[in-house]
There are 2 protein chains.
Amino acid sequence: MNEAAVLQLRNAISHFVKMDDADWALLLPYLEERQLSKQELFAKEGKVSLDIGFLLNGNMRHYYTRDGEEKTKYFYFEGHFVSSYISCIRQQPSELTIEAMTDCTLLVFRYKDLLKLYDLSHKWERFGRLVAEYLAIGLEERMTGLLMLSPEERYIQLLESNKQKIIERIPQHYVSSYLGITPVSLSRIRNRMAKK
Amino acid sequence: MNEAAVLQLRNAISHFVKMDDADWALLLPYLEERQLSKQELFAKEGKVSLDIGFLLNGNMRHYYTRDGEEKTKYFYFEGHFVSSYISCIRQQPSELTIEAMTDCTLLVFRYKDLLKLYDLSHKWERFGRLVAEYLAIGLEERMTGLLMLSPEERYIQLLESNKQKIIERIPQHYVSSYLGITPVSLSRIRNRMAKK
DNA sequence: TCAGTACGTTAACTTAAGATAAGAAATAAG
DNA sequence: CTTATTTCTTATCTTAAGTTAACGTACTGA
């Protein structure tokens, strides 16, 4: 097992809860490293997601399928968790697919093992709470943006956010999809903005 | 303290976690009943929210303010929790205002007391996790609706959902706001649909 | 009771997004 | 290097939402 990788994960988790060695040791046996090649899937629409990943290297995206089209709605970067978490929680088939945009390296553990940790340790349960709260905060922010802002305002907000990497590293038609508009429309917005 | 009301709350909470009497007793000292008259506020934009309510009677709505206009984005009904939860969690000023649409009766406790319960009891911590997960699931659902569906489709989805009460009991301009469109636009959509 | 307000609909006009297609630019593959 | 593919832009046309305003109805409070 890659020690540096494990340390990186521990660091990310301690962002939510500081784990002592005993608590941390509970997770270790469940960790495994996984490589994904570009375009391989981490979660698949219609299948119940079982795994939670921690992205060591590469980017991923998740998308929904509608009318045969892939609607990209989120991006994952190094140092962050990757999962069709809602599918794990609900134990229902995932509505989204998570795909590697580049070759990726992850540390992976199973949601069912995380549930074991929740039972064993109050601290891990707290971690679960804080992660879910963090997720809710992010979703709330995204949602109010969608409800309150025009596509152009959403694009500006994205430009000004800490998610700039989304724009820099990611094909524009994925960004437009993220904003909930067509690539053509985003191109027009950019054109409009450039003229000001 | 109204015993029936407390029982109703206990029942709602047991929907997330079954509490034994000892765990349940931890919350009791913090409960208080509160009456709100129509148009009184439960949470206010710009103020850090401190309270979590359980709605025994009446309806409430929450709204954001933008360009001087109130944008209603959520409705609360009897038997559900009411809170600017994100504000509580983050200990940041609320971006939304929660207003009683009718005279309301609530059971109220403070978020800071809930945090005490989290510390004291693994079961209450689990409750916190499950509530946050539940919240995230709801937000995710709403968000994908906004990203993937047209206003008309969102309205149809709402009609077909278990949130029908929203439409039945609530002024139409609030509904349109909930859908992210203008009242005029919703009126047109309804007109269009009636003709089919 | 009666005036004032709030709410929903309709209409006319403006604005911008969606769909489609064509072409340019950038990237990847042989 | 050349070709093929993907990505982005531009243009045209269609569609629907936003804006504003007028009108009718229902509700509210003095």
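Quick note on labels: first sequence line is chain A, next is B, and so on, each numbered from 1. What you see is a predicted model; the values in this text were computed from it and never measured. No hydrogens, no waters, no symmetry mates; every other heavy atom, side chains included, goes into these values.
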Protein-nucleotide distance (Q39(B), atom CD; dA6(C), atom P), rounded to Å: 10 Å
Options dG8(C), dA17(C), dG18(C), nucleotide nearest the side-chain atoms of H173(B): dG8(C)
Ring centroid separation F42(B) to H62(B) under 6.0 Å: no
Check: L96(B) main-chain N/O paired with S94(B) side-chain donor or acceptor under 3.5 Å: yes
Spacing between E152(A) atom CD and dG18(C) atom C1', to the nearest angstrom: 17 Å
Aromatic Y178(A) / basic R142(A) pairing, under 6.0 angstrom, 45° off normal: yes
Atom pair distance, as rounded to whole Å: OH in Y155(A) and P in dA16(C): 17 Å
Residue pairs, two or more places apart or on separate chains, that pass ring pair (Phe, Tyr, Trp, His ring centres under 6.0 Å) and touch residues 112-140 of chain B: H122(A)-H122(B), F16(B)-F127(B), F16(B)-Y134(B), W124(B)-F127(B)
Charged tip of R61(B) within 45° of Y174(B) ring normal and under 6.0 Å: yes
I181(A) CD1 - dA17(C) C1' separation (whole Å): 9 Å
Terminal contacting nucleotides, 5' and 3', DNA chain D versus chain B (heavy atom, 4.0 Å): dA17(D) to dT20(D)
L186(A) CG - dG18(C) C1' separation (whole Å): 14 Å
Spacing of I170(B) atom CD1 relative to dC7(C) atom P, expressed in whole Å: 13 Å
G180(B) or P171(A), whichever maps to the more 5' nucleotide of DNA chain D: P171(A)
Heavy-atom donor-acceptor pair, R188(A) side-chain to dG18(C) base, under 3.5 Å: yes
Hydrophobic cluster membership, L41(A) vs Y64(A), 4.5 Å side-chain cutoff: no
Along DNA chain D (nearest heavy atom to each residue), the more 5'-positioned of R190(A) and S185(B): R190(A)
Side chain proximity check, F54(A) to Q8(A), heavy atoms < 4.5 angstrom: yes
Touch class at under 4.0 angstrom, heavy-atom based, for S187(A) against every strand present: base
